[in-house]
Amino acid sequence: MPESNNQTANAQGYGTPAAPAQTEIIIKKSRFIARAAAACDREQALRWLAQAQADFPDARHHCWAYLLGPSNNPRSQAFSDDGEPGGTAGKPILNVLQHKEFGDIMLIVIRYFGGIKLGAGGLVRAYSQAAQAVIEQLDCQLHQPVQALLIRCDFSQEQPLRHWLGLHQGEIESVDYNNGVELKVVLPLTELPVWEAEAARLGVGFTKGS
């Protein structure tokens, strides 16, 4: 089923911008300056927008779109035409993001009007082209989804568990020895089914965190 495929892809991780990028194209004397950067939430995305507005205060339009989470199954997305005709700027930018493997990304296209009207179709193509141009300049880093776990075990099980976690990219954040052993752990989501089988084999109790 498509939903299962998305869940599998999400567990494998997705690309996010390793660093901000900027490009510029000229179309019929209009300047289109495109910026893209990583954004983990709406507030960070809007901070990038505010920075673009401060850097180019005399531009006619600051059109944008962001996509939070993986592109194939985002948890949130939004866009703005910022005064351009409806559907000619923000939506084309978002469409570019949706067809890429990047997530947690904000993309802004700043336009300086050159005096020649492009028409609705011309604007869609121009904003899409500008968004595509900056995407091609981005370096990618992998965002690996993780699961927080609280594991409870006997003292005799601690070292075997530490060894298992080390082999499966698990990170121990803290350990509490008050009543037996409690380990706060983050584990790559891809390793969760393997861990559940191992926990059942060992008779170890655990709960999932957020």
Engineer: So do the side chains of V185 and L161 get within less than 4.5 Å of each other, counting heavy atoms only?
Structural biologist: no

Engineer: Mind checking the CG-CZ spacing from N179 to R152? Nearest 0.5 Å is all I need.
Structural biologist: 10.5 Å

Engineer: What's the shortest heavy-atom distance between Q44 and D41, and which atoms?
Structural biologist: N-OD1, 2.8 Å

Engineer: Among I151, L150, L149, which one satisfies side-chain contact (heavy atoms from CB on, under 4.5 Å) with T207?
Structural biologist: L150

Engineer: Of the non-hydrogen atoms in L138 and A19, which two are nearest, and what is the gap between them?
Structural biologist: CD2-O, 3.6 Å

Engineer: A side-chain contact here means heavy atoms from C-beta on lying under 4.5 Å apart; do R162 and E158 qualify?
Structural biologist: yes

Engineer: To the closest 0.5 Å, what do you measure between CG (L67) and CD (Q77)?
Structural biologist: 5.5 Å

Engineer: Is Q132 close to K100 at the side-chain level, that is, under 4.5 Å between some pair of heavy atoms?
Structural biologist: yes

Engineer: Could you tell me whether a side-chain N or O of Q157 sits under 3.5 Å from a main-chain N or O of D154, the two making a donor and an acceptor?
Structural biologist: yes

Engineer: Check whether any side-chain heavy atom of L68 sits under 4.5 Å from a side-chain heavy atom of P74, and report yes or no.
Structural biologist: no

Engineer: Please determine whether residues V96 and L118 belong to a single hydrophobic cluster, defined as Ile, Leu, Val, Met, Phe, Trp and Tyr linked transitively by side-chain heavy-atom distances below 4.5 Å.
Structural biologist: yes

Engineer: Taking NZ, NE, NH1 and NH2 as the nitrogens, is one of them in R75 or D104 under 4.0 Å from a carboxylate oxygen of the other?
Structural biologist: yes

Engineer: Does the side chain of K208 come within less than 4.5 Å of L192's, by heavy atoms?
Structural biologist: yes

Engineer: Does one hydrophobic cluster hold both V124 and I108, with members joined at side-chain heavy-atom distances below 4.5 Å?
Structural biologist: no

Engineer: Test of understanding: with ring-ring contact (aromatic ring centres under 6.0 Å, His included), list the residues that count as partners of F56, not counting sequence neighbours.
Structural biologist: none

Engineer: Which hydrophobic side chains are connected to I26, either touching it within the sub-4.5 Å cutoff or through other members that do?
Structural biologist: none

Engineer: Report yes if the side chains of Y66 and W48 come closer than 4.5 Å at any heavy-atom pair, otherwise no.
Structural biologist: no

Engineer: Under the criterion side-chain contact (heavy atoms from CB on, under 4.5 Å), I'd like the reasoning laid out for I25 against T23: C-alpha separation, chi angles, the key distance, then a yes or no.
Structural biologist: CA-CA 7 Å; I25 61 174; T23 59; 5.6 Å; no

Engineer: Going only through I, L, V, M, F, W and Y residues with side-chain contacts under 4.5 Å, is there a path from Y177 to F206?
Structural biologist: yes

Engineer: For residues 94-123, which residue pairs qualify under ring-ring contact (aromatic ring centres under 6.0 Å, His included), counting only residues two or more places apart or in two chains?
Structural biologist: none

Engineer: So which atom in K91 and which in D81 form the shortest heavy-atom distance, rounded to 0.1 Å?
Structural biologist: N-OD1, 4.2 Å

Engineer: Are the side chains of L183 and V181 in touch, meaning some heavy atoms are under 4.5 Å apart?
Structural biologist: yes

Engineer: To the closest 0.5 Å, what do you measure between CG (L49) and CE (M106)?
Structural biologist: 4.5 Å

Engineer: Apply side-chain contact (heavy atoms from CB on, under 4.5 Å) to the pair F32 and I27, showing each step before the final yes or no.
Structural biologist: CA-CA 8 Å; F32 292 86; I27 298 177; 4.0 Å; yes

Engineer: Going from CG on L107 to CG on L94, what distance comes out if it is rounded to the nearest 0.5 angstrom?
Structural biologist: 10.0 Å

Engineer: Applying side-chain contact (heavy atoms from CB on, under 4.5 Å) to V204 and W195, what does each step give before you reach the verdict?
Structural biologist: CA-CA 10 Å; V204 170; W195 161 249; 4.3 Å; yes

Engineer: Could you note down all residue pairs passing side chain to side chain donor-acceptor pair (under 3.5 Å) where residues 118-128 supplies at least one of them, sequence neighbours left out?
Structural biologist: E84-Y127

Engineer: State, to 0.1 Å, how close V109 and A131 come at their nearest heavy-atom pair, and which atoms those are.
Structural biologist: CG2-N, 4.4 Å

Engineer: I need the full list of side chain to side chain donor-acceptor pair (under 3.5 Å) pairs touching residues 25-36, with sequence neighbours left out, sorted by first then second residue.
Structural biologist: Q22-R35, E24-R31, S30-R111, R35-D55

Engineer: Using the rule that two of Ile, Leu, Val, Met, Phe, Trp, Tyr join whenever any of their side-chain heavy atoms come within less than 4.5 Å, decide whether L123 and V134 are in one cluster.
Structural biologist: yes

Engineer: Once rounded to the nearest 0.5 Å, what's the spacing between atom CD of Q53 and atom CH2 of W64?
Structural biologist: 10.0 Å

Engineer: Which heavy atom of D82 sits nearest to which heavy atom of H61, and what is that distance?
Structural biologist: O-ND1, 2.8 Å

Engineer: If you compare all heavy atoms of P57 against all heavy atoms of A54, which two are closest, and at what distance to 0.1 Å?
Structural biologist: CD-O, 3.3 Å

Engineer: Kindly list each side-chain donor-acceptor pair under 3.5 angstrom involving residues 165-176, sequence neighbours excluded, with atom names and distances?
Structural biologist:
from : atom 1 : to   : atom 2 : distance (Å)
H168 : ND1    : W164 : O      : 2.8
D176 : OD1    : N178 : N      : 2.9
D176 : OD1    : N178 : ND2    : 3.1

